[in-house]
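Encoded as structure tokens, the structure appears first; notes follow it.
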Amino acid sequence: EMNSAFELFQVMPERNVVSWSTMVSGYSKAGDMDMAKMLFDKMPVKNLVPWTIMISGYAEKGLAKEAFTLYDRMEKAGLEPDDGTLISILAACAESGLLSLGKRIHFKIESSKSRYRIQVCNALIDMYAKCGNLHKALNVFDGMVERDVVSWNSMLQGLAMHGNGKEALDLFARMIREGMEPDEVTFISVLCSCSHAGLIEEGRHYFSMIEKDYGLVLQVEHYGCMVDLLGRGGHLKEAFEFVKVMPMEPN
RNA sequence: AGCUUGAACCGUA
């Protein structure tokens, strides 16, 4: 509803950096980067937030040149990106596969305090994995001194996504060995890995562990993975059984 | 006001 937003923005008695940023963000979300840029250029005071919104917006839409140009300008203006800015840009690069900008952000992180932040490293892992560079993703993962469940999930998903089901399952085993508690998202990657690797019995085994051993809530996604695993493996009857017995509405 | 991980299928030849 950017037309209504714009009308209100124009008539409001005073505007601050938050109201300007809200407009920039709205246009970016609506896919109108030209309007976003126009307001961005016009705003009298800028902090990290509008810079983040613009750069991420360009990156997410695959507008590499515009994203790079603005990022350079931000650095030249002496602004130091915080964790939020780095993560936001990395997530945008991951979404569009903009590896070149992702690498540039990685370079920046290497020489900043943010390199020790788990969330920043997680965003790096996800970016590299989604851009198809599993080696770099593993590099970042292995270099972390501390990891959370998202670190493991991102790495697992990256491996599974690129067909390395066996490696993903090895990583899952290591995750458990190291005492990390898996969550619902973890098992989506685990079941997906079994599916890719054709490991039907293993898949059944992992599925049964979700509730029993980890006390997690089985979700429609887990059932979906099982249907996929069984169906792909030729066990169509059983796949259909899963659809029939799942305790929620099949989607 | 910006903030990391979530399955499959189909569609682009």
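Quick note on labels: first sequence line is chain A, next is B, and so on, each numbered from 1. Since the model is a prediction, treat every value here as computed from it, not as a measurement. Any value given below was found using the heavy atoms of this structure, including those in side chains, with hydrogens, waters and symmetry copies removed.
Between the base of A1(B) and the side chain of Ser21(A) there is a donor-acceptor pair shorter than 3.5 Å. Side-chain to base pairing of Asn47(A) with G2(B): no donor and acceptor N or O lie closer than 3.5 Å to each other.
Note on Ile53(A): only backbone sugar-phosphate atoms sit closer than 4.0 angstrom, heavy atoms only; bases stay farther off. Nucleic acid contact class of Ser154(A) (heavy atoms, under 4.0 Å, all strands): sugar-phosphate only. Among the atoms of the strands shown, none is found under 4.0 Å from any heavy atom of Ser19(A). At a threshold of 4.0 angstrom between heavy atoms, the contacts of Lys46(A) with the nucleic acid are absent. Among the atoms of the strands shown, none is found under 4.0 Å from any heavy atom of Ser56(A).
Contact check, Arg117(A) against U4(B): no side-chain N or O comes under 4.0 Å of OP1 or OP2. Checking the phosphate oxygens (OP1, OP2) of A7(B), a side-chain nitrogen or oxygen of Gln157(A) falls inside 4.0 Å.
Between the side chain of Arg15(A) and the main chain of Gln10(A), a donor-acceptor pair closer than 3.5 Å is present.
Rounded to the nearest 0.5 Å, atoms CE (Met226(A)) and CD (Glu238(A)) are 8.0 Å apart.
For His196(A), there are no side chain to side chain donor-acceptor pair (under 3.5 Å) partners two or more places apart in sequence or in a different chain.
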